[in-house]
Amino acid sequence: MNFNTKTYLSENTSAAPLAVFRIAFGIMMCFGMIRFWYHGWIETLYILPKFHFSYYGFEWIKPLGVYTYLLFIVCAIAALFIALGFKYRLAIIIFFLSFTYIELMDKTTYLNHYYFISLMSLLMIFLPANAYFSVDNVLRKKSYKNIPKWTIDSVKLLLGIVYFYAGLAKINSDWLLEAMPLKIWLPSKYDLPLIGDTLMHQNWFHFAMSWSGMLYDLSIPFLLLYKRTRVFAFVLVLIFHIFTRVLFPIGMFPFIMIVSTLIFFDASLHIKIINFLKRLFKYVVSNITTKSNYNYQFRKPITGFLALFFVIQLIFPFRYLIYPNELFWTEEGFRFSWRVMLMEKMGISTFKIVNGETGDFFYVDNKDFLTPFQEKQMSFQPDFILEYSHYLGDHFTLQGHENVQVFVESYVALNGRLSQPFIDKNVDLYREKESFKPKYWILPFKDEIKGL
Amino acid sequence: MFTVRKILLTLTAVAFMMACGSSSSDDEPSEETDTFDRGALLTNISNNIIIPAFQDLVTKLSVLESDKDTFITTPDQTNLDALRASWLEAYKVWQYVEMFNIGEAEALLYGFQMNVYPTNTIDIENNVSAGTYDLTSVNNNDAVGFPAVDYLLYGVANDDTSILAKFAEANYKNYLSDVINQMKSLTETVLNDWTGSYKDTFVSQTGNTATSALNKFTNDYVFYYEKGLRANKIGIPAGVFSTDPLPEKVEGFYGKSFSKELVLEALNAVQDLFNGKAYTSSATGESFKTYLQNLERNDLVTTITTRFNDARQKLEALNDDLNSQINTDNTKMTEAYDALQLAVVSLKVDMLQAFNISVDYVDADGD
């Protein structure tokens with residue numbers, strides 16, 4: 001092998017692709033925040049609920065009441081500043097912190113693509129995305145034509161990991177041999193024009209979509225990397241994301257992925273885009289010294305940190321291997337692993353408050369404490385069930401109930417199997433503590449899903 | 001060096017081979033999958049179940065109305081007995097329509113004006129003594145409908161002689177009369193909407209959207225079973241949601257001996273709807289059951305049927321008067337509740353998952 005890290009790290013490339021990426025990212029994020037507000041989700045997801053599901057270790061992160069709106073405003077303005085390249089470093093740090101804070105407020109809303117955005121913005125803190133075509137250039141009276149090649153490669157790597165790991169996760173018997181959950185999802189789209197009653201119910205179509213989805217995810221990073229397949233790959237990206245947008249309510253994610261993919265293209269394309277923008281905004285450059293190469297002040301610690309970041313990204317999705325039981329069932333190590341659209345899982349969880357001394361009991365009406373969305377998400381995820389049990393236990397203890405024990409009768413159906421008991425109903429969950437250890441009170445899954 | 005084009009060709013070929021290969025192995029039974037006609041399901045349900053049930057209810061309420069007229073003209077024991085009998089007949093038919101909270105019924109809050117129990121006897125007595133009232137007011141939801149009639153015919157005084165004595169008073173006569181007339185006119189309004197324009201609207205909305213008739217109807221059905229039947233009729237009085245049992249919250253509390261009969265009718269209604277069985281005959285048509293069969297979920301059909309039947313068995317083992325059942329042996333009530341709950345699991349988790357119904361309450365992005 002003649003790969004030399006030192007040489008690689010000192011290679012330079014045009015700054016244009018990263019500048020275009022920065023602009024697109026900033027605009028989409030700003031739009032995403034406004035869209036979130038416009039749909040009233042700040043209120044329904046973060047202000048109205050009485051109780052919020054926290055991530056283990058981040059219990060201190062909670063919505064801020066009406067100030068939650070302020071948080072979204074800060075985040076949106078930071079995103080706009082990123083797009084402009086105005087006070088870029090500060091803007092991206094504020095964006096990363098505020099966006100991540102928003103995502104940590106309630107895990108009910110967890111989505112892989114929100115996690116992706118948090119990671120991408122963390123990465124972008126360390127990239128010179130304002131080196132070229134930015135307001136900062138005007139302020140500092142200098143811009144850079146080239147930036148280290150590894151900076152752009154790191155964005156490509158993160159995108160590649162998302163795709164490739166999403167593909168790996170599809171190599172399992174439910175997805176490939178049963179075409180699940182597409183077999184449930186696609187037929188329910190019977191009312192789509194043209195394809196609704198012709199394709200959506202066809203067995204071969206479910207399998208074709210499952211297999212091509214898996215192959216697409218695994219191969220697309222490589223097809224984008226090679227110049228000769230790049231245009232074809234981009235067409236695939238368009239088809240795939242538009243198709244998923246039509247079929248599923250996945251918000252802005254398809255657009256984010258489509259636009260992000262542009263970074264794989266040669267600088268010439270990005271220079272064209274920038275020239276177009278320059279003409280559009282009548283951008284006149286005056287007294288800006290254009291330097292050829294951007295040099296990092298703290299290259300060593302930064303590249304070291306990012307190397308560590310990527311090693312963690314590569315290993316972290318495999319943490320489920322440490323847990324003994326079926327991943328899809330227990331979801332121990334399921335999140336933060338690019339397992340996207342893999343399961344159709346629904347449950348019902350009924351909580352029983354028992355007086356440990358007398359044995360008197362009553363059931364809880366979940367609607368008294370949770371929003372319908374929270375109840376839906378809670379019903380099939382063990383860590384939600386545990387956290388909610390503690391909330392209920394505390395609530396009823398505070399109300400004056402004595403010797404409170406909390407039990408749950410829970411049934412879950414996974415990928416079209418008949419529902420089966422999910423949690424051991426004889427375990428007092430009020431006494432169980434959250435930890436990273438396997439949860440022994442999750443009942444075993446009465447089937448097997450083979451694969452990664 | 002292998003060319004990228006070759007890789008590409010291979011991948012595409014593999015994808016197609018996989019797709020075709022896997023479908024050829026088991027395509028015989030499933031090629032026809034989407035011949036399922038959701039419009040036919042809605043047609044069967046509206047033509048053969050909903051409309052006939054409402055028609056029957058209007059008939060029964062007409063009998064109730066004329067028996068009431070006879071009674072208030074001559075409030076004697078014979079007429080009271082006849083009135084009570086026609087009240088029960090109508091109440092039983094009501095069990096077949098309570099789940100159809102859609103269209104005009106939803107707009108009118110029909111269910112709230114027909115069957116909120118326990119009824120509020122203080123409100124009723126206040127209305128009676130005031131002599132003026134707005135029965136459609138939300139505040140009077142618990143002072144009208146079947147439970148209010150239950151109170152007036154059985155609970156307004158300690159024994160029949162004293163009850164008859166009450167109906168010597170014009171205010172009691174008027175209130176009873178107004179409540180029953182109101183029940184009939186509301187039901188006619190709902191029926192007329194169904195036989196008028198609503199049926200076509202209902203049948204045409206087969207889409208999978210949060211507001212389509214098919215989805216709303218399915219969600220309403222599951223909701224009714226969970227709330228209206230399981231919780232209201234059995235769970236709440238048995239005290240499963242409270243520290244102590246609340247036996248006064250049974251349906252038909254004052255009549256004493258009908259609460260079991262009513263819940264059994266309700267369960268039959270729910271199961272008949274699942275099976276697509278016509279209201280007036282034993283003929284069956286497209287239904288949730290045939291939809292599930294079409295999705296190759298016979299396992300689920302069997303489970304749901306078994307669970308309904310198990311629940312019926314548990315209900316049949318109860319005392320005719322659920323109030324006295326709760327006071328003597330509440331364990332049987334909680335057992336019945338548990339059996340009913342298992343069917344909630346099958347309907348709410350398994351059936352809704354199989355249909356992949358777009359739910360109206362979750363408004364956020366998915367992965």
Side-chain angles (χ1 to χ4, degrees), chain A residues 39-41 44-45 109 111-113 176-177 179 184-185 187-191 197 200-205 207-208 211-212 215 219 222-223 226 228-229 232 248-253 340-341 344 346-348 350 360-365 371-373 376 379 401 409 411-413 416 418-419, chain B residues 3-5 7-8 11-12 14-16 18-24 26-27 30-36 38 206-209 212 231 235 239-244 295 297 299-300 303 338 341-342 344-346 348-350 352-367:
Chain A
H39 283 293
W41 291 341
T44 55
L45 299 175
T109 56
L111 289 181
N112 284 292
H113 76 255
L176 297 177
L177 305 180
I184 295 176
W185 289 339
S188 76
K189 308 294 168 193
Y190 57 83
D191 52 355
D197 51 2
M200 290 297 141
H201 63 282
Q202 303 279 8
N203 195 43
W204 67 264
F205 186 69
F207 278 95
W211 281 85
S212 53
L215 294 170
S219 59
F222 303 105
L223 297 177
Y226 291 101
R228 295 178 62 179
T229 51
F232 170 76
F248 307 112
I250 44 183
M252 294 190 52
F253 185 58
V340 188
M341 307 215 78
E344 170 53 47
M346 267 174 84
I348 187 167
T350 319
D360 288 344
F361 70 89
F362 60 91
Y363 290 101
V364 173
D365 186 351
T371 64
F373 185 34
K376 177 188 188 303
S379 293
H401 292 265
E409 285 165 22
Y411 293 83
V412 168
L418 278 179
S419 57
Chain B
T3 64
V4 179
R5 188 165 300 177
I7 303 176
L8 214 99
L11 284 177
T12 322
V14 167
F16 270 96
M18 297 295 189
C20 303
S22 49
S23 73
S24 60
D26 57 356
D27 60 354
S30 52
E31 275 309 298
E32 301 271 321
T33 310
D34 210 57
T35 48
F36 190 76
R38 294 164 192 87
T206 55
N208 190 2
T209 63
S212 76
V240 303
F241 301 108
S242 51
T243 333
D244 296 305
L295 295 166
R297 289 304 304 271
D299 57 339
L300 187 50
T303 308
D338 291 343
Q341 169 66 12
L342 283 179
V344 172
V345 174
S346 296
K348 205 176 176 179
V349 176
D350 298 273
L352 291 186
Q353 182 176 74
F355 295 158
N356 196 29
I357 291 273
S358 297
V359 277
D360 40 8
Y361 55 74
V362 179
D363 177 29
D365 290 340
D367 238 340

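Order of the sequence lines sets the chain letters (A, B, ...), proteins ahead of strands, with each chain counted from 1.
Using a 4.5 Å cut-off between heavy atoms, Thr371(A) does not touch chain B at all. With a 4.5 angstrom heavy-atom cutoff, Ser242(B) touches chain A only via backbone atoms.
Contact between Ile184(A) and Gln353(B) at its shortest, heavy atoms only, is CG2-O, 3.2 Å. Considering every non-hydrogen atom in both Val349(B) and Met346(A), the closest pair reads CG1-O, 3.4 Å.
Asn208(B) places no side-chain N or O within donor-acceptor distance of the main-chain N or O of Lys189(A), the cut-off being under 3.5 Å. The backbone N or O of Asp350(B) sits nowhere less than 3.5 Å from a side-chain atom of Tyr411(A) that would complete a donor-acceptor pair.
When each of Thr206(B), Val240(B), Val344(B) is scored by its heavy-atom pairs under 4.5 Å with chain A, the top score falls to Val240(B).
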Could you go through Phe36(B) and His201(A), starting from their C-alpha distance and side-chain angles, then the distance that decides it, and tell me whether this counts as side chain to side chain contact (heavy atoms under 4.5 Å, CB included)?
CA-CA 10 Å; Phe36(B) 190 76; His201(A) 63 282; over 6 Å; no
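Contact annotation: the side chain of Phe241(B) never approaches that of Phe362(A) to less than 4.5 Å [non-hydrogen atoms, C-beta and beyond].
Between Ser419(A) atom OG and Leu342(B) atom CG the span is 9.0 Å, to the nearest 0.5 Å.
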